[in-house]
Novice: 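I have a structure here, written as structure tokens, and I will follow up with some questions on it.
Below, read A as the first sequence line, B as the second, and so on, with proteins coming before strands; counting in each chain starts at 1.
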2 protein chains.
Amino acid sequence: MPDFADKLKPASPDGPSILAKERSQSDVPVDELAQHLLSRSDFLKRQEKILPVVSKDPLFNKTKQMNLSRPERYQLGLARAKKLRLLADQHGWDTKDQEMSQYLCDDVSPFMVHVSMWINTVREQGDDEQRRYWLPKIEAWEAIGCYAQTELGHGSNVRGIELQSRWDPKTKEFVLHSPTLTASKWWNGSMGRTGNHAIVIAQLLVPKSNESKELVNHGPHPFIVQIRDLKTHEPLDGIIVGDIGPKYGYAPMDNGYMLFDNFRIPHSAMLARYSKVDPNTSKYSKPANTAVVYGSLTFVRATIIMHARLIMARAVTNAVRYTSIRRQFSDRDSSDRSAPELSVLDYTTVQIRILPLLATAFALHYTGEAMHNLYEGTRAEIEKGDFGRLAVLHAQSSGLKSLCTELAANSIETCRRAMGGHGFMASSGMVQLNNDYLSKPTVEGDNHMITQQTASYLLKRMAAAVAGKGKPVDEVERDCREWLSKEHNRKMPTPKVLESDEEIVDAFRRRSRDQTYRAYVERDIKKRSWNSLLIQLRKISIAESQSILVKNFYDGVQSSTLSSPARKHLSTLFRLFALYTMDAEARDFAKAGAVSNDDLDELPFKIQELMAQVRPHAVSLVDSWKIPDFLLDSALGRYDGRVYEDLFNRAHRLNPLNEITFNPYYKNEEIIMGSGGGDVEKLLAKL
Amino acid sequence: MPDFADKLKPASPDGPSILAKERSQSDVPVDELAQHLLSRSDFLKRQEKILPVVSKDPLFNKTKQMNLSRPERYQLGLARAKKLRLLADQHGWDTKDQEMSQYLCDDVSPFMVHVSMWINTVREQGDDEQRRYWLPKIEAWEAIGCYAQTELGHGSNVRGIELQSRWDPKTKEFVLHSPTLTASKWWNGSMGRTGNHAIVIAQLLVPKSNESKELVNHGPHPFIVQIRDLKTHEPLDGIIVGDIGPKYGYAPMDNGYMLFDNFRIPHSAMLARYSKVDPNTSKYSKPANTAVVYGSLTFVRATIIMHARLIMARAVTNAVRYTSIRRQFSDRDSSDRSAPELSVLDYTTVQIRILPLLATAFALHYTGEAMHNLYEGTRAEIEKGDFGRLAVLHAQSSGLKSLCTELAANSIETCRRAMGGHGFMASSGMVQLNNDYLSKPTVEGDNHMITQQTASYLLKRMAAAVAGKGKPVDEVERDCREWLSKEHNRKMPTPKVLESDEEIVDAFRRRSRDQTYRAYVERDIKKRSWNSLLIQLRKISIAESQSILVKNFYDGVQSSTLSSPARKHLSTLFRLFALYTMDAEARDFAKAGAVSNDDLDELPFKIQELMAQVRPHAVSLVDSWKIPDFLLDSALGRYDGRVYEDLFNRAHRLNPLNEITFNPYYKNEEIIMGSGGGDVEKLLAKL
């Protein structure tokens, strides 16, 4: 409906002219940098190909979806996921294309587990016959599956799960049974409403012999189980299954619960590539190498690390563009009382929250790439039966998953708060981003818990280095030996971190080694209990992960063939990331003799200087991440800068609440004006 | 519907027996401590009186509300707020009773601004006649109002707002006009759908004389304006008003936008207790003292500080109870492979996240009380025309609002993550708590921005102390002088923070003074620009606020008449809070000469020791906050410990998504099984 607001414009300078000015003042080669960041697997080309298809379909309109109820969000998620699969068939999209369409859609898909853990587990753990039988049905989305491992009472400690799968030699069946309420499967994605099958992880109980009543527990094993009727989609008898209810984010995902009441499944249900129960003798045979399972978890963690940079880039894109446009107060030291208001991003208290995160997005990029290469290399070796590098990969991926998801998750909220009041609106594009991403610090290994894996590895290598027998087993041990003989004995001068980027890298390395050595002394020499050292162990995992981030960033920029302006800006971002990280833990660096106290005192000033160098290029630097407006779905972060027009449009023209007139008078029982009553009863029915 | 899940119980030990054991092992005098914490204004008695009334009314059932859409959440919020007012009439509740009912209901009320800023502004800024006319209508909830100050383009910088109110001497009216889109009122609570009136803040433009065309801008002034028809509740002609759309939290609150198109209001609309325009001569007369406005803002900030402790106590109650019950892995150092799993709260990496926050809730309590007393004392003086202490109150309340809301907001998310996977569920009771509370770091003065007010005050006092002329104007200046003559010149020994609580207090004081002095040198001696010092200025605000928190905690425990076990536990919590805070900023304390490097090195061990002392009493300590289950609305934090039963019940029996069966097959256009199609079209209509 036309009204007088149609003619109003924002006060000048308006967003488009501000961003135009920001862009014109910068020498950042945006397209070159975009290629540098996003060329692997043709990411950028793929984005350009898929974006028009998805964004023009009205089912993928995002602007009003925050108004929907949780059940509606699941329905929408299901409709979108089905549509994306249809589009894939229609356009002949490959797996990577489909992943891109999912990424741009930005709703977690109820089929997410179907296309990842479900199909991967059948591929990796099914024997040839199982693969032949199941994979075509899975690829056709007819056997729609999920991965039911975690239970109500047990998550991280997989060995503690309570669901039982008892082998019955008489009927040659397994009997799935939940002995307790805490044995209920819980959290398993795609299971609550979507899946008709599941990989079910249960304690495998096998009689000592065909005649024996004594059961031996062989630990958790995977079974492939039909859980719902293929026609009615209702749960099969003996199974209780449903959705666990609303969550922080992930509204379109039906994380589920499931209980079994002596539910019988055939012998062929047990995934049999590695472990087997002989159907005739009931003899159990073990997997050759349990490290295979690690491989898969490590891949998931590596993927999470590679994804974190895009999350952070998105948060920072919104924050940088909006705080460039937003004006607030004129310079306090200005004598001119009518001086124009400053851009919010010109305030150092805003810069210190946003610009180091901009630098961090780049840091995560280089480590994501390095993890990708390490994973691919290691996987090739594993396929050949060489598990040698798996320990390093597993240790690095644990600590980095923890640190990188922590950095990315916190960056969203930090940026959101830096965006002031409007950051609190759904129109900021930060709300769903945050709500969904906040699952990451917990899933696939709780961020605090898994740092023990990195620490444990580092302690072993340091102990071996101290022992110093034979050749070092890997480069970490080699470096520990070198550190022990040189830096630990203070035979090397303190790195000059304000003068050389290489010495920054060295300072991080030294501080990590020092932290590991201190923990080694506590654990191996003073024999302190593991649990009393957990806080310290987490610190050494963080120190090592930061060292890896810094080194990969440095190496990535050094080894690139970028133009000189691109390298200049990346080097500034490298310094900002490294010195900001160092400043936050300055005392550790001092204690390690890795940085002088004078240099540490200077860091805050140096960081401010670096931020001043980044500031004029901030808009162009976020542009180089090429996050499309369709993905941002943000009035504040949109490329053209029409912040206020978009905010107003969403509020005034796209807000369903404004279509209803209410009755605010408390003595009147109407809630909706003119309803004549009965509104409260309708609400009560939903409570 | 009965099913086999009805008979299942959680694995033992179950929650109730674990919590019973935790409670029996502790000598914390829970009721005594509860009285100590919650007796002001009969808080605890009031809670006991109101709780049964609200909790037995089904309209206040919370468990399923996270499934509702945003428009439904507003409707529910409106229905609840109207019902609470009816209950107040019926039970004769006074204002504090009504606040308690609101607190327990835990939905932000669409009338929140009506009962606070709207009525307060009329009371404080209306002249006698305006008060006589408006207050009865407001108290009867007939003139339902809001406070329209913030605009789309301006929040913190109130002087920059764009809405104009031009005095027209001919018609003796003011003309409200929005010249731009950014002049739209924005964020104003209770305005979008609820209010029929508003206090509208606009730039007052008055002709130089009745005949002149030249307008003089007298800055922002308040006007009382009817905005909607009292019968139809539709906006009046010349006004566009609506709700701004979904937000992070605050779903039941209709934060609004509003534009005026040459909308005329009578002379009586201008609130005239302080500023006036003479209707005959058009002469403008100024307020006597602008500090009055500060008083009101300071009160709001003091209230926010007092509220923060209850938010934190709530987060920590959920976290402590659940992590006591939750088991994960057995002790890694145990040789017994069948050893029972440890309580999650026994892991130091979980303790370090939760227990310092438990201590912080107590710290916030004592400073909340101190702010309350300072405010009451200062207000009594202001009423007598003495504005002397207003500067201290304003400075303290700014820095403390910033620090306390930051601590409380971050505590929710920290606790939520420490609760692992189940913390991500709405049933954790942490989701709405977080989403709503996250507004606090931004509202009533952005947390980063307002630290300048504290810093500016401290710099002035330090400069005066350096000048040293005449008598110090207040105790801060007196203390600065003492610090300059003694500690600054290192004439005093370094405090022994590991030996004496009093010296902990002294260390915080010294570190704050040292930080202020360093900033004073940069600003007043080296003449550095204000904007280049913002990061440092924020640090001195934090240092001073932490010093206040530590001192008030210490004084509060010292001056109390508590039993010896209560004092013992409070002293341990005091040390934990203080030393944990110190450890996080250890380098500043070292540079200030406030703590020795040896003591700083010892802090992590000391903190771990203190946590070990708190751990056995953690459940009883959170019990002493007496947060009712109805308010917690948490399966994880409930008093009786029936965690898994409640989680399962909410998922299996109270989840509307489980009432629908879906069609997951992508080639079928049905979304709901058996619908026969058309589901997607219904979804599209909402996008």
Novice: Please check: side-chain N/O of Asn531(A) versus main-chain N/O of Asp331(B), any donor-acceptor pairing under 3.5 Å?
Specialist: no
Novice: Taking the side chain as every heavy atom from C-beta outward, state whether Phe329(A) and Arg159(B) have any pair of such atoms under 4.5 Å apart.
Specialist: no
Novice: In the structure I gave you, are the side-chain heavy atoms of Pro10(A) and Thr180(B) within less than 4.5 Å of one another anywhere?
Specialist: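 No; the side chains remain at least 4.5 Å from each other.
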Novice: Does a side chain donor of either His154(A) or Glu341(B) reach within less than 3.5 Å of an acceptor in the other side chain?
Specialist: yes
Novice: With a 4.5 angstrom heavy-atom cut-off, is it the side chain or the backbone of Leu230(B) that approaches chain A, or both, or neither?
Specialist: both
Novice: Which atoms of Leu152(A) are under 4.5 Å from chain B, going by heavy atoms: the side chain, the backbone, both sets, or neither?
Specialist: both
Novice: In terms of heavy-atom proximity below 4.5 Å to chain A, should Gln75(B) be classed as side chain, backbone, both, or neither?
Specialist: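 Gln75(B) touches chain A through backbone and side-chain heavy atoms alike.
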Novice: Using the ring centroid of each side chain, check whether Phe662(A) and Tyr74(B) are separated by less than 6.0 Å.
Specialist: yes
Novice: Determine the option with the most heavy-atom pairs under 4.5 angstrom with chain B, choosing from Thr63(A), Asp254(A), Ile144(A).
Specialist: Ile144(A)
Novice: Which word best sums up how the rings of Trp187(B) and Phe424(A) line up, parallel for under 30°, tilted for 30 to 60°, or perpendicular for over 60°?
Specialist: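 Trp187(B) vs Phe424(A) ring planes: tilted.
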Novice: What pairs with Gln65(A) under side chain to side chain donor-acceptor pair (under 3.5 Å), at least two apart in sequence or on another chain?
Specialist: Arg80(A), Gln432(A)
Novice: Is Asn255(B) in contact with chain A via its backbone, its side chain, both, or neither, using a 4.5 Å heavy-atom distance?
Specialist: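 Neither part; nothing is under 4.5 Å.
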Novice: Side chain from CB out, backbone as N, CA, C, O: work out which of these in Thr150(A) comes under 4.5 Å of a heavy atom of chain B, or both, or neither.
Specialist: neither
Novice: Just by distance, no angles: are the side chains of Asn658(B) and Arg193(A) close enough, under 3.5 Å, to form a donor-acceptor pair?
Specialist: yes
Novice: Between Leu76(B) and Leu687(A), is there a side-chain heavy-atom distance shorter than 4.5 Å?
Specialist: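 Of all side-chain heavy-atom pairs linking Leu76(B) with Leu687(A), at least one is under 4.5 Å.
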Novice: Can you tell which part of Met673(B) gets under 4.5 Å to a heavy atom of chain A, answering side chain, backbone, both or neither?
Specialist: side chain
Novice: Ion pair present between Lys667(A) and Asp89(B), side-chain N to carboxylate O less than 4.0 angstrom?
Specialist: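 No, Lys667(A) and Asp89(B) are not salt-bridged.
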Novice: Is any side-chain heavy atom of Glu406(A) less than 4.5 Å from a side-chain heavy atom of Arg417(B)?
Specialist: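 Yes, close enough: below the 4.5 Å cut-off.
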Novice: Checking Asp346(A) against chain B: side chain, backbone, both or neither under 4.5 Å from a heavy atom?
Specialist: neither
Novice: Would you say that Ile535(B) contacts Gln608(A) through its side chain, given a criterion of any heavy-atom pair below 4.5 Å between the two side chains?
Specialist: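 Ile535(B) vs Gln608(A): side chains touch.
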Novice: Please determine, by modelled atom types, if Glu234(A) and Thr661(B) share a side-chain donor-acceptor pair under 3.5 angstrom.
Specialist: yes
Novice: Side chain, backbone, both or neither: which part of Gln351(B) has a non-hydrogen atom closer than 4.5 Å to chain A?
Specialist: neither
Novice: Taking atom types as modelled, find out whether Tyr257(B) and Asn655(A) have a side-chain donor-acceptor pair closer than 3.5 angstrom.
Specialist: no
Novice: Who passes side chain to side chain donor-acceptor pair (under 3.5 Å) against Ser184(A), sequence neighbours left out?
Specialist: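 Side chain to side chain donor-acceptor pair (under 3.5 Å) check on Ser184(A) returns nothing, list empty.
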Novice: Do Tyr248(A) and Asn434(B) come within less than 4.5 Å of each other through their side chains, counting heavy atoms only?
Specialist: yes
